[in-house]
Amino acid sequence: MCADTPLSERLDESDAAIVGRVVSERPGDVQGAAVRLLTVEVDQRVKGDVDRTLVVRSPSGTDCDVEVPMDKAIGLLLTKAPEGGEPRGGVIKVGIGIVILALVLGWALLRLRQGKRPNLPGAPQP
């Protein structure tokens with residue numbers, strides 16, 4: 001499902017809003033997903049602090065693809081991508097992974113101290 005949020009809410013949630021012209025387009029890839037990389041020359045800043053020329057990622061090959069005319073003034077609501085193309089929540093995922101690793105290692109060390117070994121089929125017997 002594509003954006004069905006009212007424009008005023010989308011403007012509030014966006015990091016920047018501009019009026020600009022797409023001057024070039026090329027295919028790209030972000031974490032395995034096809035995107036179009038649009039080079040946009042900014043004619044007017046409506047919201048946010050942006051450079052005079054931007055590279056904007058747009059979906060490619062989805063139901064939400066945006067057709068943009070070349071070298072014609074269009075309005076764009078923009079959201080900054082996470083640094084380095086990382087998915088949002090990466091730090092949380094790493095933290096959860098470390099907690100799970102600590103629990104597994106703690107459980108293994110506890111079993112080792114107690115001298116308990118699992119009885120695995122085909123494993124050498126002590």
Side-chain angles (χ1 to χ4, degrees):
M1 171 178 280
C2 302
D4 59 358
T5 309
L7 181 59
S8 60
E9 284 183 41
R10 286 187 282 163
L11 179 60
D12 288 343
E13 293 172 359
S14 68
D15 294 320
I18 64 163
V19 174
R21 293 171 286 110
V22 176
V23 294
S24 71
E25 176 182 330
R26 66 184 189 278
D29 180 275
V30 175
Q31 298 178 349
V35 296
R36 290 182 305 153
L37 301 173
L38 309 172
T39 302
V40 179
E41 288 187 2
V42 177
D43 295 331
Q44 179 182 358
R45 293 174 184 95
V46 178
K47 175 183 176 184
D49 184 25
V50 295
D51 293 332
R52 195 82 178 120
T53 302
L54 305 171
V55 175
V56 177
R57 295 190 306 208
S58 178
S60 181
T62 72
D63 291 341
C64 296
D65 287 10
V66 177
E67 294 300 321
V68 291
M70 294 294 286
D71 210 25
K72 293 197 186 228
I74 58 170
L76 296 171
L77 299 177
L78 306 173
T79 303
K80 286 185 180 182
E83 292 298 320
E86 291 182 21
R88 292 183 177 167
V91 173
I92 293 171
K93 291 175 187 174
V94 169
I96 290 171
I98 290 171
V99 169
I100 291 171
L101 177 63
L103 289 172
V104 169
L105 288 175
W107 177 78
L109 289 173
L110 179 66
R111 288 187 57 92
L112 182 65
R113 276 195 216 134
Q114 293 174 350
K116 295 181 181 176
R117 294 188 63 183
N119 187 11
L120 301 173
Q125 297 300 319

Mind checking what makes side chain to side chain contact (heavy atoms under 4.5 Å, CB included) contact with Pro27, not counting sequence neighbours? none

List, by chain and then residue number, the residues other than Leu105 in its hydrophobic cluster (Ile/Leu/Val/Met/Phe/Trp/Tyr, side-chain heavy atoms under 4.5 Å); write none if there are no others. Leu101

Apart from Leu110 itself, which Ile, Leu, Val, Met, Phe, Trp or Tyr residues share its cluster (side-chain heavy atoms under 4.5 Å, direct or through members)? none

Students should find that the hydrophobic cluster of Val23, defined by side-chain heavy atoms under 4.5 Å apart, otherwise consists of none

The salt bridge (charged side-chain N to carboxylate O under 4.0 Å, His left out) partners of Asp71 (sequence neighbours excluded) come to Arg21

Would you say Leu109 and Val99 are hydrophobically clustered, going by side-chain heavy atoms of ILVMFWY under 4.5 Å? no

Excluding sequence neighbours, so at least two apart, what forms side chain to side chain donor-acceptor pair (under 3.5 Å) with Thr53? none

Is Arg52 reaching over with its side chain to a backbone N or O of Glu41, donor-acceptor style, under 3.5 angstrom? no

Could you see if Leu76 belongs to whatever hydrophobic cluster contains Val19? Use Ile, Leu, Val, Met, Phe, Trp, Tyr and a side-chain cutoff under 4.5 Å. no

Are Leu54 and Val22 connected in the hydrophobic side-chain network, where two residues link if heavy atoms are under 4.5 Å apart? yes

Can you measure from CD1 (Ile74) to CD1 (Ile18) and round to the nearest 0.5 angstrom? 7.5 Å

Quick one: OG1 on Thr79 to CG on Asp15, what's the gap to the nearest 0.5 Å? 5.0 Å

Pairing residues for Leu11 by the side chain to side chain contact (heavy atoms under 4.5 Å, CB included) criterion, not counting sequence neighbours: Ser14, Ala17, Lys47, Leu77

If a pair satisfies salt bridge (Lys or Arg N to Asp or Glu O under 4.0 Å) and one of its residues is in residues 28-40, list it, with sequence neighbours excluded. Glu25-Arg36

So if you build clusters from Ile, Leu, Val, Met, Phe, Trp, Tyr with side-chain heavy-atom gaps below 4.5 Å, do Val46 and Val40 land together? no

Minimal non-hydrogen separation, Val55 against Arg26, with atom names: CG1-NH2, 4.5 Å

Tell me whether Met70 shares a hydrophobic cluster with Val56, the cluster being built from Ile, Leu, Val, Met, Phe, Trp, Tyr side chains joined at under 4.5 Å. yes

Which residues satisfy the side chain to side chain contact (heavy atoms under 4.5 Å, CB included) test with Val35, sequence neighbours excluded? Val30, Leu37

